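Heavy atoms only: backbone and side chains are in, while hydrogens, waters and symmetry mates are out. All of these numbers come straight from a predicted model, not from anything done at the bench. In what follows, chains carry the letters A, B, and so on, assigned in the order in which the sequence lines appear, proteins first and then strands, with residues in each chain numbered from 1.
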Amino acid sequence: MTDKKKLVLVDGNSLAYRAFFALPLLSNDKGVHTNAIYGFAMILMKMLEDEKPTHMLVAFDAGKTTFRHETFKEYKGGRQKTPPELSEQMPFIRELLDAYQVKRYELPQYEADDIIGTLAVEAEKDGFEVKIFSGDKDLTQLSTDHTTVAITKKGITEVEYYTPAHIEEKYGLRPDQIIDMKGLMGDSSDNIPGVPGVGEKTAIKLLKQFQTVENLLEHIDEVSGKKLKEKLEEHKEQAVMSKKLATILVETPIDVSSKDLAYEGPYIDQVISLYKELGFQTLLERLGEGEQVEVEELEVTKITDITDDMLTDHAALVVEQLGDNYHEADLIGFAIHNENGAFFITKEDALQSEAFKLWAQDETKKKWVFDSKRAVVALRWHDVDLKGVDYDVLLATYVVNPQKSYEDVASVAKEYGLNIALSDEKVYGKGAKQAAPTEDELKDHLGRKAAAISALHDLTLEALEKNDQHELYEDLELPLALILGEMESLGVKVDIERLERMGEELTKKLKEYEETIHRLAGETFNINSPKQLGVILFEKLGLPIIKKTKTGYSTSADVLEKLEDKHEIIRSILHYRQIGKLQSTYVEGLMKVTHKNTHKVHTRFNQALTQTGRLSSTDPNLQNIPIRLEEGRKIRQAFVPSKEGWLMFAADYSQIELRVLAHISQDENLIEAFTQDMDIHTKTAMDVFHVSEEEVTPSMRRQAKAVNFGIVYGISDYGLSQNLGITRKEAAAFIERYLTSFKGVKTYMEDIVQEAKQKGYVTTLLKRRRYIPDITSRNFNIKSFAERTAMNTPIQGSAADIIKKAMIDMVQKLKEENLQANLLLQVHDELIFEAPKEEIAILEKIVPEVMENALQLDVPLKVDFASGPSWYDAK
DNA sequence: TGAATCACG
DNA sequence: ACGTACGTGATTCAG
């Protein structure tokens with residue numbers, strides 16, 4: 001039996017629009033915009049792969065006027081003109097389709113929809129399976145048992161499939177009622193009026209009762225609600241006309257037939273040459289035609305006898321390892337590039353060369369690297385103390401734009417228009433297949449990377465100057481990298497025996513909870529599988545469904561807490577999850593990464609990752625060790641000083657983000673509150689609830705605290721309502737009252753959003769930048785998210801600036817005072833040290849002093865501290 | 001490999 | 001009408 005015939009129909013204009021707006025305005029080296037072409041090509045390739053059509057056609061709109069304008073001359077009125085940046089791309093999209101041998105069609109006076117509708121109906125009669133692709137939900141009216149309508153969702157290659165069943169589930173309507181819905185609610189993008197005051201909800205409600213617009217209008221008197229009745233009566237004709245406008249014509253006088261649309265596959269040469277012309281490397285690779293990147297000529301010399309002409313001042317240095325974790329990855333070679341050329345040195349030759357080691361340790365011989373922390377730490381594990389690191393490509397590019405994540409030298413070089421080095425992935429492979437290449441390949445690769453670092457030096461420093469960020473890079477990030485490297489190398493001592501004991505206890509508890517849960521469920525299942533758990537809770541036990549996820553029922557803690565008094569199994573599940581997390585992530589996870597001999601863990605702080613300027617910590621993550629719940633907090637008992645007679649010392653900023661907000665917003669009320677060192681949540685409660693200090697109840701303070709969190713995150717009534725479990729209206733009222741009391745904050749929130757719109761980015765106190773292109777998005781969600789980002793980033797980012805500065809000052813101070821104390825960790829607003837008992841009293845004086853004076857704000861900074869025999873006790 | 005969940009500030 | 005609180009990383013399941 002032959003496969004069924006399958007026709008794919010595409011709304012060309014709609015998808016081109018989608019692609020254009022979904023992607024940033026890319027352009028190729030000739031200055032031609034390519035984002036819509038690129039997006040269209042991606043969708044096209046995906047459609048062909050996924051659907052494997054036997055027949056295919058892309059329909060386009062022709063001209064400005066259509067037969068619909070006879071009905072309503074304002075049809076599609078008020079619509080913005082197609083941006084010229086998009087228009088100029090349309091010819092290429094047609095060329096692309098021709099290269100793929102996909103038929104395309106347009107017809108004067110008709111829209112793409114009508115062509116598609118007509119062909120879909122015809123094809124279905126002829127026994128085709130039909131798939132329609134568009135970005136316009138109107139097309140869903142064409143859905144039948146044999147015609148599926150795929151509408152693009154966020155992103156461009158993600159689609160939602162509308163079958164009659166899906167439409168029923170989503171709207172409770174039949175596909176043919178979609179036009180009735182449009183008739184009632186209208187469509188602002190097409191300027192279809194509908195009935196004023198009727199939105200989607202009302203339209204669906206009416207159609208469930210009356211089926212069609214016509215039937216509804218005949219029975220207006222049966223409609224509940226006086227206002228609604230009047231509106232319907234008044235706009236009767238408009239509703240009928242709107243329905244007519246929204247109706248896709250299935251009898252368009254086209255001169256093609258589905259039989260003519262056989263898809264024969266692409267002219268691959270044409271596709272390749274078009275992609276090459278447009279510079280679509282990624283798509284070429286997907287075609288299996290990825291060009292070998294041609295790198296510039298470069299002679300790399302292998303050196304066995306290291307001489308002084310290699311060991312110069314201002315030399316680019318590559319310290320190469322195979323693997324991410326530089327604490328344990330093997331060194332595989334070195335390269336140096338300077339005015340005398342590019343040189344490769346094997347690991348053995350370098351580490352055995354006194355000349356090389358002396359040079360590496362010579363502070364006066366400046367080195368340029370990519371990822372200074374990695375180079376320094378990696379060499380330190382081989383007892384080489386790398387000094388004189390003067391330039392770091394990774395940090396420079398991170399400061400210029402934290403959005404870009406560069407995994408290697410080649411990716412940065414490419415961004416700056418250089419084609420000197422190959423990517424690490426190309427040379428080493430990735431994942432399990434990662435392996436060292438031949439020595440000759442390695443020689444070339446490392447030499448090229450070193451040459452790229454040299455070439456990038458001036459370019460990136462220029463970019464920093466241009467942004468007025470040279471100071472941030474040179475005086476903050478670069479020195480901090482070395483400090484972080486020392487902290488990582490030093491590591492934190494872990495009390496393994498203690499961890500083991502906790503593990504045994506947790507395992508026992510876990511077993512008990514597991515048995516209880518299985519008994520209460522009446523069967524055994526995997527509690528760790530949200531899918532299986534969902535079936536047990538919501539199907540077998542019939543508990544109410546509170547929230548759904550993309551894939552099924554949500555079983556998250558906030559959902560379970562709402563079900564707590566409905567069934568005793570819930571409490572056990574919550575406990576099981578809590579204990580399970582402690583066991584797997586903190587006890588087992590921590591033991592796995594603790595070094596067997598030294599009993600230390602060596603985290604890696606990622607200094608070039610977060611969008612706000614914070615650090616992150618991995619392998620293990622020591623920035624998320626439990627503290628909020630007592631059972632978890634006990635994990636901290638396992639973090640202990642590395643030497644006998646020493647203690648842990650922790651110091652944290654109190655309310656640093658709100659203090660930063662007070663400073664940058666210059667809100668008088670907030671500044672006053674912090675100047676007088678008031679309890680900020682109590683103060684907020686007093687102002688929001690209009691009560692005196694004595695009248696503030698714990699509940700009021702709790703709510704005020706949530707409001708303060710909301711303010712820092714970029715407030716939204718919805719978010720606050722979720723957090724407090726109140727209605728959106730109530731949340732909105734809280735926010736309103738807050739902003740009335742703190743007018744300066746209100747002005748800041750408004751101004752910062754404006755600034756982001758105007759400049760395209762926001763900045764922190766130390767001129768760190770975050771670009772926020774989405775702030776101009778027409779999509780409500782994306783735009784709202786961008787606005788919150790604009791509000792939050794200067795706050796979170798400035799707090800990050802402050803503590804980074806404090807770390808530099810602190811290490812300097814420890815050195816000046818000749819103290820043995822070590823800085824071990826940073827957890828966003830706190831610093832953790834270990835120190836001899838005798839030094840604790842000194843730390844209690846100097847740590848708060850240094851931290852509080854890291855940066856001068858218009859409000860005082862406040863630091864709390866504590867010490868004890870373990871991290872747990874330093875509270 | 002992505003989604004869900006949960007740990008932290 | 002829309003339907004998310006900001007910033008991270010690790011573990012587990014399931015396709």
Side-chain angles (χ1 to χ4, degrees), chain A residues 185-186 188 198-203 402 431 525-534 547-560 573-574 577-590 592-593 603-606 609-629 631-633 635-636 652-653 655-657 706-724 728 731 735 770 778-797 799-800 803 825-830:
Chain A
M185 64 186 273
S188 58
V198 176
E200 186 176 305
K201 294 253 163 65
T202 316
F525 66 100
N526 187 345
I527 308 167
N528 286 322
S529 162
K531 199 176 159 190
Q532 293 181 34
L533 180 62
K547 203 165 72 179
K548 282 194 157 193
T549 66
K550 274 181 222 171
T551 50
Y553 314 111
S554 169
T555 65
S556 62
D558 59 321
V559 168
L560 295 186
I573 292 167
L574 284 166
R577 284 245 179 100
Q578 198 197 324
I579 305 295
K581 179 87 177 177
L582 292 178
Q583 175 72 311
S584 65
T585 305
Y586 296 104
V587 174
E588 288 171 357
L590 219 43
K592 248 184 260 167
V593 293
T603 187
R604 277 147 35 233
F605 289 106
N606 197 334
L609 181 139
T610 71
Q611 301 302 301
T612 55
R614 275 188 175 183
L615 303 174
S616 81
S617 157
T618 53
D619 215 5
N621 181 352
L622 295 183
Q623 291 183 319
N624 72 346
I625 302 302
I627 189 167
R628 291 173 191 169
L629 301 171
E631 283 150 293
R633 192 174 195 157
I635 296 285
R636 293 179 175 225
D652 68 291
Y653 283 109
Q655 302 297 347
I656 189 169
E657 293 191 332
V707 172
N708 279 326
F709 267 96
I711 293 293
V712 169
Y713 292 157
I715 197 82
S716 81
D717 48 14
Y718 183 81
L720 183 63
S721 74
Q722 287 297 299
N723 191 291
L724 281 177
R728 222 187 63 208
I735 295 166
R770 180 175 186 176
R778 281 152 301 273
N779 178 310
F780 176 88
N781 284 322
I782 293 173
K783 186 174 147 180
S784 305
F785 191 12
E787 288 173 352
R788 291 196 298 275
T789 306
M791 299 186 238
N792 169 264
T793 298
I795 302 173
Q796 195 183 112
I803 196 164
L825 295 173
Q826 185 252 49
V827 191
H828 310 309
D829 66 354
E830 62 176 326

Partner nucleotide, any strand, of C:dC2 [Watson-Crick/G-U, under 3.5 Å] | none
Provide, to the nearest angstrom, the distance between the CG atom belonging to A:Leu724 and the C1' atom belonging to C:dT4.
-> 15 Å
Classify the nucleic acid contact of A:Ala557 as base, sugar-phosphate or nothing, counting any heavy atom under 4.0 Å across all strands shown.
-> sugar-phosphate
Counting any heavy atom closer than 4.0 Å, what does A:Ala706 reach on the DNA or RNA strands: base, sugar-phosphate only, or nothing?
-> base
Note: A:Ile803 and A:Glu830 closest approach over all heavy atoms is CD1-N, 3.6 Å
Distance check: side-chain N/O of A:Thr549 vs OP1/OP2 of B:dA4, anything under 4.0 Å?
-> yes
Base, sugar-phosphate alone, or nothing: which one does A:Gly714 contact when heavy atoms must sit under 4.0 Å apart?
-> nothing
Contact class for A:Asn779 (heavy atom, under 4.0 Å): base, sugar-phosphate, or nothing?
-> nothing
For B:dA4 versus C:dT4, give the span between their P atoms, rounded off to a whole number of Å.
-> 12 Å
Does a side-chain N or O from A:Thr612 land closer than 4.0 Å to OP1 or OP2 of C:dC6, or not?
-> no
Relative to the 5' end of DNA chain C, which residue comes earlier, A:Glu200 or A:Thr585, by the nucleotide with the nearest heavy atom?
-> A:Glu200
For A:Phe605 against A:Leu615, the heavy-atom pair lying closest together = CD2-CD1, 4.2 Å
Output yes when at least one side-chain N/O atom of A:Asn526 is less than 4.0 Å from OP1 or OP2 of C:dC13, else no.
-> yes
Picking from C:dC13, C:dT4, C:dA5, which would you name as closest to the side chain of A:Ser529?
-> C:dC13
Give one of base, sugar-phosphate or nothing for A:Val712, where a contact means two heavy atoms less than 4.0 Å apart.
-> nothing
Phosphate OP1/OP2 of B:dA4: any A:Ser554 side-chain N/O under 4.0 Å = no
In short, A:Asp619 meets A:Arg604 closest at the heavy-atom pair OD2-NH1, 3.0 Å
Assign A:Leu609 to base, sugar-phosphate, or nothing according to its heavy-atom contacts below 4.0 angstrom with the strands shown.
-> sugar-phosphate
Contact class for A:Ile625 vs. all strands (heavy atom < 4.0 Å): base, sugar-phosphate, or nothing?
-> sugar-phosphate
Base, sugar-phosphate, or nothing: which does A:Asn528 touch, judged by heavy atoms less than 4.0 Å apart?
-> sugar-phosphate
Using a cut-off of 6.0 Å, state whether more than 12 heavy atoms not belonging to A:Phe525 lie near its atom CZ.
-> yes
Donor-acceptor pair (no angle test) under 3.5 Å: A:Gln623 side chain, B:dC8 base = no
NA contact type, A:Gln611, heavy-atom cut-off 4.0 Å: base, sugar-phosphate, or nothing?
-> sugar-phosphate
A:Arg628 vs B:dC8: side-chain N/O to OP1/OP2 distance below 4.0 Å | yes
Here the distance between atom C1' of B:dC6 and atom CD1 of A:Ile635, to the nearest Å, is 14 Å
With respect to the side chain of A:Asn723, which nucleotide from C:dG9, C:dA5, B:dG9 is positioned closest?
-> C:dA5
Touch class at under 4.0 angstrom, heavy-atom based, for A:Ile795 against every strand present = nothing
A:Gln532 side-chain N/O to C:dA14 phosphate OP1/OP2 under 4.0 Å = yes
Using a 4.0 Å heavy-atom cut-off across all strands, classify A:Thr555 as base, sugar-phosphate, or nothing.
-> sugar-phosphate
Mind listing the closest non-hydrogen atom pair of A:Val827 and A:Leu622 along with its distance?
-> CG2-O, 4.1 Å
Between B:dA7, C:dG7, C:dG9, which nucleotide gets closest to the side-chain atoms of A:Thr618?
-> C:dG9
Does A:Lys531 put a side-chain nitrogen or oxygen below 4.0 Å from OP1 or OP2 of C:dG15?
-> yes
Please state how far atom CG in A:Asp717 lies from atom C1' in C:dT4, giving the value in whole angstrom units.
-> 10 Å
P atoms of B:dA3 and C:dA5, separation to the nearest Å = 15 Å
A:Tyr713 ring over C:dC6 six-membered base ring, under 5.5 Å and 30° | yes
What about A:Arg788: does its side chain form a donor-acceptor pair under 3.5 Å with the base of C:dT4?
-> yes
Is A:Gln623 reaching over with its side chain to a backbone N or O of A:Gln826, donor-acceptor style, under 3.5 angstrom?
-> yes
Side-chain donor/acceptor of A:Arg604 to base of C:dG9, under 3.5 Å = no
Could you give the NZ-to-P distance, from A:Lys548 to C:dG3, as a whole number of Å?
-> 16 Å
Please state how far atom CZ in A:Phe525 lies from atom C1' in C:dA14, giving the value in whole angstrom units.
-> 17 Å
Given C:dC2, C:dG7, C:dA14, which nucleotide is nearest the side-chain atoms of A:Arg770?
-> C:dG7
For the base of C:dT4, is there a side-chain donor-acceptor partner from A:Ser716 under 3.5 Å away?
-> yes
Okay, side chain of A:Thr618, backbone of A:Asn621: is any donor-acceptor separation there less than 3.5 Å?
-> no
Just to confirm, is there a sub-4.0 Å distance from OP1 or OP2 of B:dA4 to any side-chain nitrogen or oxygen of A:Lys581?
-> no
Please work out if A:Asn624 contacts a base, only the sugar-phosphate, or nothing of the nucleic acid, heavy-atom cut-off 4.0 Å.
-> base
Which part of the nucleic acid, if any, lies within contact of A:Tyr718, taking any heavy atom under 4.0 Å across all strands shown: a base, the sugar-phosphate backbone alone, or nothing?
-> base
Any A:Arg577 side-chain nitrogen or oxygen under 4.0 Å from OP1 or OP2 of B:dA4 | no
Checking all strands, does A:Gln796 fall into the base, sugar-phosphate, or nothing category for heavy-atom contacts under 4.0 angstrom?
-> base
Taking the same atom, C1', in C:dG3 and in B:dA7, what whole-Å distance lies between them?
-> 26 Å
Donor-acceptor pair, A:Arg614 side chain versus A:Gln796 backbone, under 3.5 Å?
-> no
